[in-house]
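Only one structure is covered here, and it is reproduced in the block below.
Values below: every heavy atom of this structure, side chains too, minus hydrogens, waters and symmetry copies.
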Amino acid sequence: MDIKMKKYLDILKIELEDLIYDIEFNEENMKRRFDEHEITEYVFLENTSLLKREVLGIENVTKAVEKAKAESENVSELRAYIENYFINEMKAAGLPGAVRLLVERKLEKIATYMELED
């Protein structure tokens, strides 16, 4: 694996971990709002369930990244693999569309960073 792909993967893992952290923060905030009676139990449970599914989807992308690095020859191929995997995974698991947008934004952010470095 060349150095550019390794760097891409390292940055991607950090960005995906950051996404999970943000989602977990939202979950904690939702819990606080429920405890303070700002939202109903129904809203809390629905939103918490959605957030957990988002985390699951992102964790699945992280696992796919590990597999993809062995099968890809360059960064473009790796990114295409991850995007395709995630779209298929999202449909199969019924994951929320917001997760796809979040991951796509991270992929674009990393690609822009990698282009600036060239």
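- Scored by the side chain to side chain contact (heavy atoms under 4.5 Å, CB included) test, Glu77 finds Ser72, Glu73, Asn74 as partners (sequence neighbours excluded).
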Legend entry - Test log, rule side-chain contact (heavy atoms from CB on, under 4.5 Å), inputs Val43 and Thr40: CA-CA 5 Å; Val43 171; Thr40 65; 3.3 Å; yes

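- Here Leu12 contributes atom CG and Lys7 contributes atom NZ; the two are 14.5 Å apart, rounded to the nearest 0.5 Å.
- One hydrophobic cluster, built from ILVMFWY side chains closer than 4.5 Å, holds both Val103 and Met114.
- Residue pairs meeting the salt bridge (charged side-chain N to carboxylate O under 4.0 Å, His left out) criterion with at least one member in residues 49-62, sequence neighbours excluded: Glu27-Lys52.
- When the side chains of ILVMFWY residues are joined at heavy-atom separations under 4.5 Å, either directly or via intervening members, Ile20 and Ile110 end up in a single hydrophobic cluster.
- Side-chain contact check for Ile14 versus Ile11: every heavy-atom pair is 4.5 Å or farther apart.
- Scored by the side chain to side chain contact (heavy atoms under 4.5 Å, CB included) test, Asn29 finds Arg32, Arg33 as partners (sequence neighbours excluded).
- Pairs engaging residues 14-26 under the salt bridge (charged side-chain N to carboxylate O under 4.0 Å, His left out) rule: Glu15-Lys106, Glu15-Lys109, Asp18-Lys106 [sequence neighbours left out].
- Rounded to the nearest 0.5 angstrom, Leu45 CG and Leu50 CG are separated by 12.5 Å.
- Between Leu19 and Val55, the closest side-chain pair of non-hydrogen atoms is not below 4.5 Å.
- Checked against side chain to side chain donor-acceptor pair (under 3.5 Å), Glu83 has the following partners two or more places apart in sequence or in another chain: Arg79.
- Residues satisfying the side chain to side chain donor-acceptor pair (under 3.5 Å) test with Asp10, not counting sequence neighbours, are Lys6.
- Across Asn26 and Leu51, no two heavy atoms sit closer than the pair C-CD1, 3.9 Å.
- Every residue was checked against the salt bridge (Lys or Arg N to Asp or Glu O under 4.0 Å) condition with Glu41, not counting sequence neighbours, and none meets it.
- Here Arg105 pairs with nothing under the salt bridge (Lys or Arg N to Asp or Glu O under 4.0 Å) rule; sequence neighbours left out.
- How far OG1 of Thr48 is from CE of Met30: 6.5 Å, rounded to the nearest 0.5 Å.
- Among residue pairs with one or both ends in residues 5-38, those qualifying as ring-ring contact (aromatic ring centres under 6.0 Å, His included) are Phe34-Phe44; sequence neighbours excluded.
- By the criterion of side-chain heavy atoms lying less than 4.5 angstrom apart, applied directly or through intervening Ile, Leu, Val, Met, Phe, Trp or Tyr residues, Met5 is grouped together with Leu107 in one hydrophobic cluster.
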